[in-house]
Amino acid sequence: MTENNASPKRARKKWPIAVGVVAAVLIVAGAGLFAWHEQPSFCGAICHTPMDGYLETYDAEPGQPGVDKYGNTVSDSSAMMAAVHRAEDGTTCMDCHVPTMDEQIGEGLAWASGNYDVHDNATYGASLEEKTLTQLTAARGIANEQFCLNEACHTGDDGQPLTRADLIVATKDLTLNPHIAQHGELECSDCHKAHRASVLTCTKCHEDADVPEGWLSYEESLEIAY
């Protein structure tokens with residue numbers, strides 16, 4: 001009788017250990033998945049099948065020739081903000097793209113069904129449509145200007161977000177200061193592009209404006225296949 005009763009007792013003692021091991025494995029796996037969720041490789045491998053073009057721009061090396069999300073050659077990848085922010089600050093997709101829960105559920109369903117908006121190009125085939133600045137800020141509930149000028153991104157020596165006035169001072173030595181609102185204020189995204197060459201919009205009227213290395217003039221941007 002003693003031997004018959006010992007086995008059930010040992011089994012009762014082991015099940016909490018087994019549950020603890022399973023729980024620990026699930027926690028570690030969940031933490032690993034969450035960490036991967038923050039990385040660009042997750043976007044390309046799991047969520048958005050047509051993300052090759054975006055990842056190409058993200059991995060591009062500033063100062064070196066690259067290719068934009070549409071497959072167009074970029075003479076200097078420093079013109080693409082995604083490449084610059086990755087190289088300088090280790091910025092990831094989720095630092096700029098902050099999806100809401102509704103958006104994630106909607107995109108998950110769209111991905112599973114293959115029913116999402118894409119843009120076709122010769123190099124990468126179908127790729128997801130580019131987000132506008134307004135769409136990016138809507139998820140954060142902030143003004144468009146705060147997308148770049150905030151405590152986590154562009155700040156002054158005092159740690160406070162830069163202002164439009166600060167930007168004017170920073171570019172005061174250029175032939176034409178692009179940050180002076182001579183013709184009304186522009187959005188940052190009118191010139192600065194994340195996944196394609198940035199465009200100096202001033203050259204739409206001022207041909208003598210200084211175009212940064214790798215950037216496009218307004219006329220050149222019209223000739224690019226987007």
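Residue indices begin at 1 and follow the sequence shown. Worth saying up front: this structure is predicted, and the values here are computed from it rather than measured.
A side-chain donor-acceptor contact under 3.5 Å links Thr91 to the backbone of His85. Judged by distance alone, the side chain of Asp210 and the main-chain N or O of Thr175 form a donor-acceptor pair under 3.5 Å.
Contact of the Cys148 side chain with the Cys153 side chain is not registered, since no non-hydrogen atoms from C-beta on lie closer than 4.5 Å. Side-chain contact between Leu162 and Thr155 is absent, with no heavy atoms from C-beta onward closer than 4.5 Å. Between Thr171 and Pro178 the shortest side-chain heavy-atom distance falls below 4.5 Å. The closest side-chain heavy-atom distance from Val74 to Val67 is not below 4.5 Å. Using a 4.5 Å heavy-atom threshold, the side chains of Val199 and Cys191 count as separate. By the 4.5 Å heavy-atom criterion applied to side chains, Tyr70 and Ile224 are not counted as neighbours. The shortest distance between side-chain heavy atoms of Met80 and Asp68 falls below 4.5 Å. Side-chain contact between Glu61 and Arg86 is present, with heavy atoms from C-beta onward closer than 4.5 Å.
Defined by atom type and a distance below 3.5 Å, a donor-acceptor pair is present between the side-chain atoms of His195 and Thr57. Between the side chains of Asp190 and Thr201, no donor-acceptor pair of N or O atoms lies under 3.5 Å.
The two residues Ala181 and Glu185 make their nearest non-hydrogen contact at CB-CG, 3.6 Å. Heavy atoms only, all atoms of each residue included: Ala60 and Ala83 are closest at O-CB, 3.5 Å. Nearest heavy atom pair, residue Met81 against residue Ser198, reads CE-OG, 3.9 Å.
Phe147 CZ: more than 12 foreign heavy atoms inside a 6.0 Å radius. Counting non-hydrogen atoms of other residues, nucleotides and ligands closer than 6.0 Å to CD of Glu207 gives a total of 12 or fewer. The number of heavy-atom neighbours closer than 6.0 Å to CG of Asp158, taken from other residues, nucleotides and ligands shown, is above 12.
Qualifying side chain to side chain donor-acceptor pair (under 3.5 Å) partners for Thr137, counting only residues two or more places apart in sequence or in other chains: Asn144.
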What do the steps show when you test Leu200 against Leu216 for side chain to side chain contact (heavy atoms under 4.5 Å, CB included), and what is the final call?
-> CA-CA 6 Å; Leu200 188 61; Leu216 300 174; over 6 Å; no

Go through Leu149 and Thr163 one step at a time and tell me if the side chain to side chain contact (heavy atoms under 4.5 Å, CB included) criterion holds.
-> CA-CA 7 Å; Leu149 304 181; Thr163 64; 5.8 Å; no

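Ion pairing of Arg164 with Glu145 is present here, as a side-chain N (NZ or NE/NH1/NH2) and a carboxylate O approach within less than 4.0 Å.
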